[in-house]
Each structure stands twice: as C-alpha cells, then as structure tokens.
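These numbers were taken from a predicted model, which means no experiment stands behind them. For the numbers below, each heavy atom of this structure counts, side chains included, while hydrogens, waters and symmetry mates do not. Convention: sequence-line order gives letters A, B, ...; per-chain numbering from 1.
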2 protein chains.
Amino acid sequence: MSKNSISNSVIRRLPRYHRFLGDLEANGYVRISSRELAEKMGLTASQIRQDFNCFGEFGQQGYGYNVKELRGEIGKILGLDVSTPMILLGAGNLGRALAAHIDFRNRGFELIGIFDANPAVVGDTIGELSVRSVDELEAFCTQHRPEAAILCIPKGEAEKEADRLISYGVRAFWNFTHYDLRISHKDVAVENVHLGDSLTTLSYALSGISGKDKEDKE
Amino acid sequence: MSKNSISNSVIRRLPRYHRFLGDLEANGYVRISSRELAEKMGLTASQIRQDFNCFGEFGQQGYGYNVKELRGEIGKILGLDVSTPMILLGAGNLGRALAAHIDFRNRGFELIGIFDANPAVVGDTIGELSVRSVDELEAFCTQHRPEAAILCIPKGEAEKEADRLISYGVRAFWNFTHYDLRISHKDVAVENVHLGDSLTTLSYALSGISGKDKEDKE
DNA sequence: AACACTTTGTTTAATTCTTGACAAACAAGA
DNA sequence: TCTTGTTTGTCAAGAATTAAACAAAGTGTT
C-alpha cells in the first residue's frame, strides 16, 4: 500500500531529488525549504511539497526540511538501504566504462562479477574484478546468487541471455542493448537505457533553436 | 508554429518511434497499422494515431502507415536530416565508449574531434580520430565550427567548460557530468544524462518486486 | 510572551495527457 | 462495380498531473 500509492511521475523525480539532496548535504546544508530547493532544481515549490508529502510528513512549518533526514527517507523508498549483488555481461567499451564510472554502492547495488564471451578479454582486470568467461556464468550464479545484471552485449543476444539469467535467479536488468527488453515475468524489473534516443532528443532540441532553421518564421 | 504545437510528451516518444520504425524497415516491413505498432511497442493504438497526427496525416484508412515514409517524416521532425558537427570533451572510459558505441550519423551528428586535458592520453586513437589536447580547443573550434559537444569531464569543470564552448559557438550539450547543466542562454540546448539516476530507478523497481520485501503484505 | 514572518500540508482549480468511440475513407476480393 | 472488412483522423470523455491558494503550525527576535 505504501508504495503503490506513489504515482509514476513522482517516482521518476525521486532519484533526482536524492542526488540534489546529496549535493546539498555535501555542501553543508542542514535544512532547506521547498522554495529554495525548487529554485535550485527548476521546479515549483508546490510540486516539491506535494511530492514529499506522498511518503509522509518530513517538513516542519516555518523551518523547512532536514536535508539529511529527507535524503535518507527518499533513499529508503528507492531501496538504496540494501545492497543487491549485480553482474555485468559484456566487457566491451561501454561495459568497462560503466564498471569504472558508476557508483554502485550508493545506488543500492554491488558489482560482483564481469563476464564476456570473447576469450581475448577474459582475464582482463577492470577495477577490482577480473573478466570471466560466460561459460562460468551458471556456476557463478549458483554460488553467488546475483539478483541484477547489466546487459552490454549485442542486440541479438539480449533476449536469450536475459532468459538464461532469469532462470539463474536474476530479477533485474539494466539493459544497454539496442533492443527494448520486455519480460513477460512480472517479477522481473527492467530499465532500458537508450543513449541513442537521448542523443536524438538533443538533435530535436538543437533544431528548434532560433536561427538554426530557415523556416523558423512563425 | 509547426514545432511549437507538438507537446512535450509526444516529443519524448518520437525517438523511440523512429527506432522501432527503423527496425521494422530493416525487417522488410513496408506498411504497419497503429494497432500492430501499438502491440509491438506496448502502447495504445489510439495514442499512436494521435501522436502521428500532430505533424500531418501520413496514414491511409484501411491501409495503415508506410513505414519508410513515416520514419523519414519523424526523422525530419527530429532534425536527423542534417549532420551537426560535434566534439567530445574527456577521453576517459565513458568518453571512449560513447565515441565507439554511438551511431552519430543516424542521430543527426558527426563526431569530428576528441579532446582531453591529460597529456598521457593525448595522441591516442579512438575510432578514426586521435585525441587532441584541450589547448587546441579554441583554434579547432574557430576552424571547424562544431555546434555540439559531449561532456565527459569531471563534475567541477562542467560549467566552466560549457561556458567556454558557448563562447566558441557551441549550441548543444550532451552532458554526462554528475551535474545538472542549466544554461541561461536560451539558444543553447542541453541534454543531461544521469546514468546513476537510471540505476536508482532500477533499484526502486526491484525493491517493489513481490517476495523481495518483507513488508509487502498489503 | 507576543508579534511578525516563514513554510508546510492540503484543498481546490487548471491544465495536460490518455483513452475510447465512431464516421469517413480506403482496400481487396467477388 | 459492389460489398465487406479494415484503419485512419478526430472528437469528446476520463485520468492524471501540475499549479495556485490558504489556513495552521512553527521559528526567531524583541
């Protein structure tokens, strides 16, 4: 009941709130008002109050919100108070970048294994992990029980590998494949990331900039 | 007038339509109905018809939509019929991965230069480009006039470098910095990508999966 | 302690987005 | 050519989202 009542639009904003509050905390902020936060984030104060109200009353009239407490609360909603073991499939450019670049710990995950099908990269060290062969995947999953996986593999293998991982007990996919993963299982979470779509959005925004297009008379 | 009338929600869906139509075309589809496309994309047929109608009547009753024609039209809306010169700042893990992984041509851009502040990586070859020193940035921009830039640099430098690039004529930023770039210039487009937020969203989704949480009685 | 000021939580209103419904238009086969 | 079936474009109803408004509660200063 607690979670189901929070609308999707609110959920989509929560990671950003969490991030901003983290920055504020790092900068020594102890309290913040909805008005000031709205200013910083480019939202309305009304929306912020309404959002935070979805999961309890954390503010205090005349004072505002306690940054640390509020951040912790949002973190709990987002499930960041647990650490889910995660593996990476595909140690190509993108896989390596994610393994090195992402702060898994602060996002509720821990990267415990990296796998690749290419024998040439098996054995490479990335961060503190060395790349294993996909042949070891089943044995590894049986032993270490990862619950989440990052997919940085070719488009054509996404569905097959996802199904395999599900059979090994994986429940969440962070999918960077050029393919929209849609799992029939309703107990499996998927986050499809399409960097190409993001760049396309930038193209649209750029094309609308004044002076860019000839037919921008209207 | 043409563009301003398209709502934001529709725009956000356009890149995905474009991608799906590309896949369909590659698979030999010549025509498709809103009903069938809705099925494939997990949307309602009504929404698809309404979306496509925002920018003209491309369908035909009793027939559906011509895949190639529709895709081309959406591409035009998205500005994919031009090729905007783009540079990359930061040749670390993530920068390299993007340079290698993204199909710039089909997203309306062309990557023409890569820059890094670290002398150790200057001279490295990535794809067909070699990494240049940031010292050459101004001269390069004066000569080649890039209009867009990817930022894969440390958080603290994002704002400063963005301002510098704007003064060199850059009008669009694809920002992977852990920082929400907000440009006062209204003639500058920004697409902030926060992979960490995306992973956080997955954490939330996973935490809501049945059997995962103890307190999921309700 | 009293007063002026700030800020929340909540209600209500406005706006935006999505879905359902259906007539008009076309396709395809007899 | 006529008839049946399909599918669009569009309108209108229904949801969902966002913004505005305000009383109640607390702060901080004198």
Open item on the list: Salt bridge or not between D180(A) and R16(B)? Use side-chain N to carboxylate O under 4.0 Å.
Closed with: yes

Task: Any S46(A) side-chain N or O less than 4.0 Å from OP1/OP2 of dA20(D) - done: no

Open item on the list: Is the phosphate of dT18(D) approached by R13(A) (side-chain N or O, under 4.0 Å from OP1 or OP2)?
Closed with: yes

Task: Below 4.0 Å: OP1/OP2 of dC17(C) and any side-chain N or O of S9(B) - done: yes

TODO: Answer with base, sugar-phosphate or nothing: what part of the nucleic acid does R31(B) contact at a heavy-atom distance below 4.0 Å?
DONE: sugar-phosphate

Task: Phosphate OP1/OP2 of dT8(C) contacted by R49(A) side-chain N/O (<4.0 Å) - done: yes

Open item on the list: Taking 4.0 Å as the cut-off, does a side-chain nitrogen or oxygen of Q60(B) come that near to OP1 or OP2 on dA27(C)?
Closed with: yes

TODO: May I have the step-by-step check of side-chain hydrogen bond (donor to acceptor under 3.5 Å, both in side chains) for E147(B) and T84(B), ending in yes or no?
DONE: CA-CA 6 Å; E147(B) 288 177 55; T84(B) 303; 5.2 Å; no

Task: Any Q47(A) side-chain N or O less than 4.0 Å from OP1/OP2 of dT18(D) - done: yes

- [ ] Measure from CG on D51(A) to P on dT18(D) and round the result to the nearest Å.
- [x] 8 Å

Open item on the list: Measuring to OP1 and OP2 of dT7(C), would you say a side-chain N or O of S34(A) lies under 4.0 angstrom away?
Closed with: no

Open item on the list: Nearest to the side chain of Y63(B), heavy atoms from C-beta on, is which of dA27(C), dG9(D), dC17(C)?
Closed with: dA27(C)

TODO: Would you tell me if any nitrogen or oxygen in the side chain of R35(A) comes within less than 4.0 Å of OP1 or OP2 on dT7(C)?
DONE: yes

Open item on the list: Whether S33(A) contacts dT6(C) is assessed here as follows: a side-chain N or O lying under 4.0 Å from the phosphate OP1 or OP2. Is that the case?
Closed with: no

